[in-house]
Amino acid sequence: MNASFLLFTLLNTGFVLLISPLFMSLIKKVKAYTQGRKGPRLLQSYSDLRKLMQKEVVYSPNSSGIMRITPYLNLAVLLLATLFIPIVFIPEAPAGIGNIIVFLYLLAIERFFTALCGLDAGSTFGGMGSSRLMSLSAVIEPTMIIAFAALAYVLKTVNFHEMFAITAGSTIPESPTLALISISLFIIIIVETGRIPVDNPATHLELTMINEAMILEQSGKNLALIELAHAVKQTILMAVLINILAPWGLATELTFTGIVVSCLYFLVKASLLAGLIGLFESSIAKMRLFRLPGFYMMAFFFSALTILMEVFA
Amino acid sequence: MNILLEALVYGAIAALISGTVLPLLYRSKNTRKTSFGLSLLSSVLLLGFAGAILYTGKEPVFPAIRYLPGLDFTLAADRLAAGFVLLIAAVVPGVSIYSIEYVEHAKSEAGKNLQAALTNLFILAMLMVVLAGNMVIFLIFWEIMSISSLLLVLHDYSSEENKKAGFFYFIMTSLSTAFLFMGFISLFRLTGSAEFGPLEYPASILNLPFICLFIGFGIKAGIVPFHKWLPYAHPAAPSSISALMSGVMLKVAIYGFLRFLLSVYTLELWWGILILIGGSLSAVLGVIYALKESDIKRLLAYSSIENIGIIFLGIGLYVIFKVEGLETLAMLSLVGACFHAFNHALFKSLLFLCAGSVVHATGTRNIEAFGGLVKRMPRTAVFFMIGSVSIAALPPTNGFVSELMLFQAYFYSSALSDPLLKVLLIITLSVFALTSALAAALFVKLFGITFLALPRTKYAEDATEVPKFMLLGEAIPAILCILSGLFSAQILVMLGFDFEVPDMLILGLILIGACGLVWFAVRNSGPSGSPRISKETWGCGSLAQHPTMEYTSAGFSEPLVVIFKKVYRTEISSTRIYEDTKESIFKSGTARIHLMKFFEEILYTPIAGAVCLVSSNISKMQNGKLDTYVLYVFIAVLTLMIFTRFFA
């Protein structure tokens, strides 16, 4: 645990926490524009979070400790996950921090406990949400592993920090195959953050919803924590894609200007990506639940193709 | 040093033997307690024994005891055996402490004593199989292991279900022994000795023993398609025995298989491919079948099939990498597989013990009848949670570390030269990923439906926490799960394996720190005071919440059942009768959902039919008349004479 890593922990986590809610409203804004509405302010997510933080927490008497610890645990897990994805600069990380598999399974912790939360209060909606979440996440898992295995194949390492160090040196994607992986990564972002066509984050109490159903029983501070964790997750997944496909600007060393430039670059690139996600969401309809495995197969196909290309090239 | 090791192991054996004999002599509660105390003592001794060997790397061979010419009673322990002795020593304490109170629920006094005696015998047999210095000793104790566990499965022999389970188990375990016999005999013919190795032969000669041993050990370990005995035998056995069977006995089969594989000098590539495919299939089918299950112990049994599949998958990777000359990756997969065996022993025995408590408290094994137990059995719920998190492979638990090692082995496999092999690895990797994610879904379902929300039946409503020894028995494997996860990197280094495995201790500490930080940050913002407890879960304005509104176990797994309906092979057939000729007014009809038991209907039933056919024909030869038998003997002698004259 050296000083540069400690600084990285503070800067990277702080930066992600700070900007994450921005992209939530940005996507809403883009969606609103495509529908001919004006949409919320860009800073709306921040004031929503602040408002929720001021509210008291209400629990169902049926609920157990799971409901009480999950919001804290979720955010903590995602804060840990931010250490795996360098955004401000690439530090020398100890103890295998940056390991792809650990990163994936940190996301799995969040999913596991959110799903339990859905079952905790005993409402039908929660159970429905967690059943769907766990089913769909099981089906997407092979794709995620294969996509990340493809990354490891191409870049010859299983550590994000080393991967980004390799890609950051170049101005174009390191290998054309990386462009293919990006398609899978994009689909993974859509799935993991519960966006159309997988899930509809804008609705409540519809038969289509997944994520919103599980957090229906959450309120006040706890809801704020869960929303924030969700936003952080979206940002770091976006950062994976950005650092693989368009890594320029990421500081490989610890300098003041480097950090500032990195942050600015990331802000611009992530805003573009968020816009893209918003456009994608507006241009496609919510899919039926049982047609989703087909959608996932597409992502699987692209990453498997990447590996095959690497294998036979 | 050697004397110390001898003292430890003989002490443990003596403790187990007296633990077996004592309850058979005196029928009282105290003898049962002493008996379980003795098995606890033996595990402490074994812990020292295995730890010393693993740490120092000394490999003692104990002096042989000769009873019969050619039959040496030899015990030996190398690092592999010590690893599995450690596994036994890790599972036994929890089980024996748990059993002190659990065994008192048996119906008759004699049954209680018998159960205590057999538990000790079972542990002893498993220990001796692992320590066996040659194949003869191995087989003898293998049979004792099978028979003692069979008797334990049949503990409640009056029930029809248990009889069927016992019968099934008996057939399968005999089949396993038969294949092992064949394998060992063919090895004996090659080497001329009953020693395990080393086998410096071209692998092509070893193909036959390999196939025999793979099937023999595969049946016992429960890989698909030989897995069917597990879901029958595990629910029938007492929970403490299920914990031992699933936690240790399956691993003993893995040990036997590894003992053979590691003594072979030149491995064949197709062995690795076979093991890898068999393992992957078991893993994914095991968990898919488990998802549909609503009997808690049967579900856990299917989940064992899954985990055994993962271990075999690791062994398969080991063989492939070894053949391809990638020593580091081979070692990583092998250690990953062994570590997963150890971890599975811990969390599966923990889960079975907790399941036993739940079944004991509610009186039913049906998950649909549970619910809300977290309020009624809070401590068991915590232990069950630890087990679920470990088996769902969430960091920083032990289950995660072993899966991580296998994933890493996969991710580095780009060094392989054969492209087709790479394609195979990609396919099995995605199957492995699917397995691991399905396991998470499975345990969300199991924990959520069992412990959360409102109790669904009166059984669950009246459940109370189990007595303290049972809780203590659950606590031991739970604590070991956490410790072996957190200190995994340090343990691996201590055992002399230098892999690039993330340090779970640091990750765990950061995670705890982050939790504290979030809690601290949130506590100091917003309104203070305790949270409000509302009267109801909000149900869109419904007047009162009723347990029937909750998601059920079947409901929870419904989406996955639909997605994997090809695997389940559900047949839906319906007939409709209409009032009119144009078929527009529906009068009546029937609908039937038939769940095909694939392996039973495709594999087992035809074989059983064939066996019945052959045996019924053979039985015609047996007419009970003396002259017929004399004729048979005459023909046999004649044939033998002709055979020796012309062929031998």
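A, B, ... follow the sequence lines: proteins, then strands. Residue 1 opens every chain.
- Heavy-atom pairs under 4.5 Å with chain B peak, among A108(A), G96(A), A149(A), A152(A), at A149(A).
- For the set P395(B), G513(B), P378(B), the entry with the most heavy-atom pairs within less than 4.5 Å of chain A is P395(B).
- Your options are V158(A), T157(A), V139(A), and the one with the most heavy-atom pairs under 4.5 Å with chain B is V158(A).
- A ring-centre distance under 6.0 Å is found for F432(B) and F407(B).
- Between chain B and the residues N74(A), V77(A), L289(A), V58(A), the largest count of heavy-atom pairs under 4.5 Å involves V58(A).
- Residues Q408(B) and N99(A) have side chains in contact (heavy-atom distance under 4.5 Å, counting atoms from C-beta outward).
- For E403(B), the part lying near chain A is the side chain, with the backbone staying farther off; criterion is any non-hydrogen pair under 4.5 Å.
- Close placement of the F447(B) and F451(B) rings is indicated, their centers lying within 6.0 Å of each other.
- Residue F103(A) does not touch chain B at all, counting heavy-atom pairs closer than 4.5 Å.
- Listed options Y412(B), Y410(B), F443(B) were ranked by heavy-atom pairs under 4.5 angstrom with chain A; first place goes to Y412(B).
- Ranking I100(A), I146(A), L52(A), L73(A) against chain B, the residue ahead of the rest is I146(A), based on heavy-atom pairs under 4.5 Å.
- Both the backbone and the side chain of S413(B) come within contact range of chain A, each with at least one heavy atom under 4.5 Å from a heavy atom of that chain.
- For chain B, the nearby part of F290(A) is the side chain; its heavy atoms alone come within less than 4.5 Å.
- Counting heavy atoms from C-beta outward, R376(B) and P455(B) have side chains that approach closer than 4.5 Å.
- Proximity to chain B involves both the backbone and the side chain of S130(A), based on heavy atoms less than 4.5 angstrom apart.
- The residue among L416(B), L438(B), I426(B) with the most heavy atom pairs within less than 4.5 Å of chain A is I426(B).
- Using a 4.5 Å cut-off between heavy atoms, S123(A) contacts chain B through both its backbone and its side chain.
- When heavy atoms are compared at a cutoff of 4.5 Å, L133(A) does not approach chain B at all.
- Checked by atom type and distance alone, the side chain of N12(A) pairs as donor or acceptor with a backbone atom of T82(A) at under 3.5 Å.
- Side-chain atoms of N343(B) and S390(B) include no donor-acceptor pair closer than 3.5 Å.
- With hydrogens and angles disregarded, no donor-acceptor distance shorter than 3.5 Å links the side chain of Y296(A) to the backbone of S137(A).
- Of the two parts of L104(A), neither the backbone nor the side chain holds a non-hydrogen atom closer than 4.5 Å to a non-hydrogen atom of chain B.
- With a threshold of 4.5 angstrom between heavy atoms, V444(B) approaches chain A through its backbone and through its side chain.
- Using modelled atom types, one finds a donor on one side chain and an acceptor on the other under 3.5 Å when comparing S64(A) with D120(A).
- Checked by atom type, the side-chain pair K292(B)/S557(B) shows no donor-acceptor distance below 3.5 Å.
- Between chain A and the options L442(B), L507(B), V423(B), heavy-atom pairs under 4.5 Å are most frequent for L507(B).
- Contacts between L79(A) and chain B at a heavy-atom distance below 4.5 Å involve the side chain alone, from C-beta outward.
- Looking only at atom types and distance, the side chain of Y59(A) has no donor-acceptor partner in the side chain of S219(A) under 3.5 Å away.
- Looking at S131(A), its side chain never comes within 3.5 Å of a backbone N or O of G127(A) through a donor-acceptor pair.
- At least one side-chain heavy atom of I386(B) sits under 4.5 Å from a side-chain heavy atom of I482(B).
- Interface remark: F411(B) contributes backbone and side-chain atoms alike to the contact with chain A (heavy atom separation under 4.5 Å).
- Contact annotation for A393(B): both backbone and side-chain heavy atoms come within less than 4.5 Å of a heavy atom of chain A.
- A salt bridge between K233(A) and E192(A) is present, with a side-chain N of the basic residue lying under 4.0 Å from a carboxylate O of the acidic one.
- In this structure, chain B has no heavy atom under 4.5 Å from any part of L292(A).
- Contact of R50(A) with chain B is not made at all, since no heavy-atom distance falls under 4.5 Å.
- When heavy atoms are compared at a cutoff of 4.5 Å, T124(A) approaches chain B by way of both its backbone and its side chain.
- Panel note: side chain K375(B), backbone L454(B); no donor-acceptor pair is recorded below 3.5 Å.
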